[in-house]
Amino acid sequence: MTSVQRSLLGALAGAALALGTATAHAQADDFPNKPVRLVVPFAAGGTMDLFGRLVGGEIGKALGQTVVVENMPGAGGSIATGNVARSAPDGYSICFCATGSTVILPLMDAKLPYKVATDLPPVGHVLRIEQTILVNAEKGAPNLAALVGKAKGKPGGMFYGTPGNGTSNHLAGELFKIAAGLDIGTVHYKGESAAVLDLLTGQIDFMVASVSFADPQVKSGKLRILALTGPKRVSAYPDVPTIAESGYPGYEATTQVGLHVAKGTPQARIDKLNAAMNTALKSKELLDRMAASGVSPVGGTPDGYAAFLRQENDKWGKVIKQAGIKLE
């Protein structure tokens, strides 16, 4: 090969490399240039769906692109979470994941088709859904102390309901049982709506439900909130104390929701989605809806959410082991 040919080949290789680099930068810079899919692991109409749509809409405004919500319920959220884990690593598929499918189920089921730490890099911590201890307004205990006293007076004779085994509501109830030293039975239902029917008819003594779900039943006079499971009171019910305030300091159990994408998604795109999320959480309309529904915005960095998930794994791993919770 002559020196001229070598020079020509070198020039062509350099041009190809420059073109490839320029193309890669262009792809990163114009992301997203088509609609983004936000996968919600629950059916339409619930709290997760409502806020998935509200948050998705605000993220879309920040990105200047449409965000399409896709409901994919089933298996405690693992179907949707697994779907995003298997999606193309391009940032166009995002999971609006609760810690039920990113923390609790992985602790209970080693056979899940995804590993959160390796397959689902976090985009950021979106929000916290406050939960309640909810009783029948006519037949239920007047306050948390009375509920605990009644339960201790009849070991094994009381029951509480959850919207499903392994849900954050379930774990909140088990943590309360541990904190208060209660011997009470647990009844699992297929959703909050099914559980509330038995609460209204007196088949169970209380249930753990989100503030947004409890709100219409409380306002109708059928149910009453005894305590909140979160770290602080909510503006929707300023007179209702937290469980921690009611004699169990350190108690905290809420539904945490974050955004995740598929392994291999470019960091630049994750950072862009994170910036859009944090911008969305400044929306007055969104913040007003959250406050009225007992939902708290969080925000922050991908690394901050990853660290939080590690803490949640440690916390709920101990609860699952102590309570002897198993998949049904």
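Computed from a predicted structure; not experimentally measured. Counting from 1, the numbers follow the sequence of the chain as shown.
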Query raised in the report: Knowing that exactly one of L120, D119, I94 qualifies, which makes a side-chain contact (heavy atoms from CB on, under 4.5 Å) with H260?
Result: L120
Query raised in the report: Side-chain contact, heavy-atom cut-off 4.5 Å: E245 with R233?
Result: yes
**Report entry** Pair listing, salt bridge (Lys or Arg N to Asp or Glu O under 4.0 Å) test, anchored in residues 157-174, at least two apart
**Finding:** E174-K177
Report task. State which residue, out of E130, E192, M48, fulfils the side-chain contact (heavy atoms from CB on, under 4.5 Å) condition with S210. Result -> E192
**Report entry** Sequence neighbours excluded, every pair satisfying disulfide bond (SG atoms under 2.5 Å apart) that has a member inside residues 162-251
**Finding:** none
Query raised in the report: With under 30° as parallel and over 60° as perpendicular, where do the rings of F31 and Y92 fit, or are they tilted in between?
Result: perpendicular
Report task. Please identify each residue that fulfils ring-ring contact (aromatic ring centres under 6.0 Å, His included) with H170, with sequence neighbours left out. Result -> H188
Query raised in the report: When you measure from the side chain of T229 to the backbone N and O of A253, does any donor-acceptor pair fall under 3.5 Å?
Result: yes
Query - Main-chain N/O of A137 paired with R224 side-chain donor or acceptor, under 3.5 Å - result: yes
Query raised in the report: Parallel, tilted or perpendicular: which fits the ring planes of H125 and F308, with parallel below 30° and perpendicular above 60°?
Result: tilted
Query - Non-neighbouring partners of F213 that pass ring-ring contact (aromatic ring centres under 6.0 Å, His included), sequence neighbours left out - result: none
Report task. Could you tell me whether the side chains of N71 and R53 share a donor-acceptor contact shorter than 3.5 Å? Result -> yes
Query raised in the report: Does the side chain of D198 pick up a donor-acceptor pair with the side chain of Y189 at under 3.5 Å?
Result: yes
Requested in this report: With sequence neighbours excluded, tell me which residues meet side-chain contact (heavy atoms from CB on, under 4.5 Å) with A292.
Outcome: none
**Report entry** Sequence-distant partners of Y237, ring-ring contact (aromatic ring centres under 6.0 Å, His included), two or more places apart
**Finding:** none
Requested in this report: Please check if the side chain of D30 supplies one atom and the backbone of N33 the other of a donor-acceptor pair under 3.5 Å.
Outcome: no
Report task. With side chain to side chain donor-acceptor pair (under 3.5 Å) as the test, would you mind laying out the steps for T47 and S212 before giving the verdict? Result -> CA-CA 7 Å; T47 303; S212 56; 2.5 Å; yes
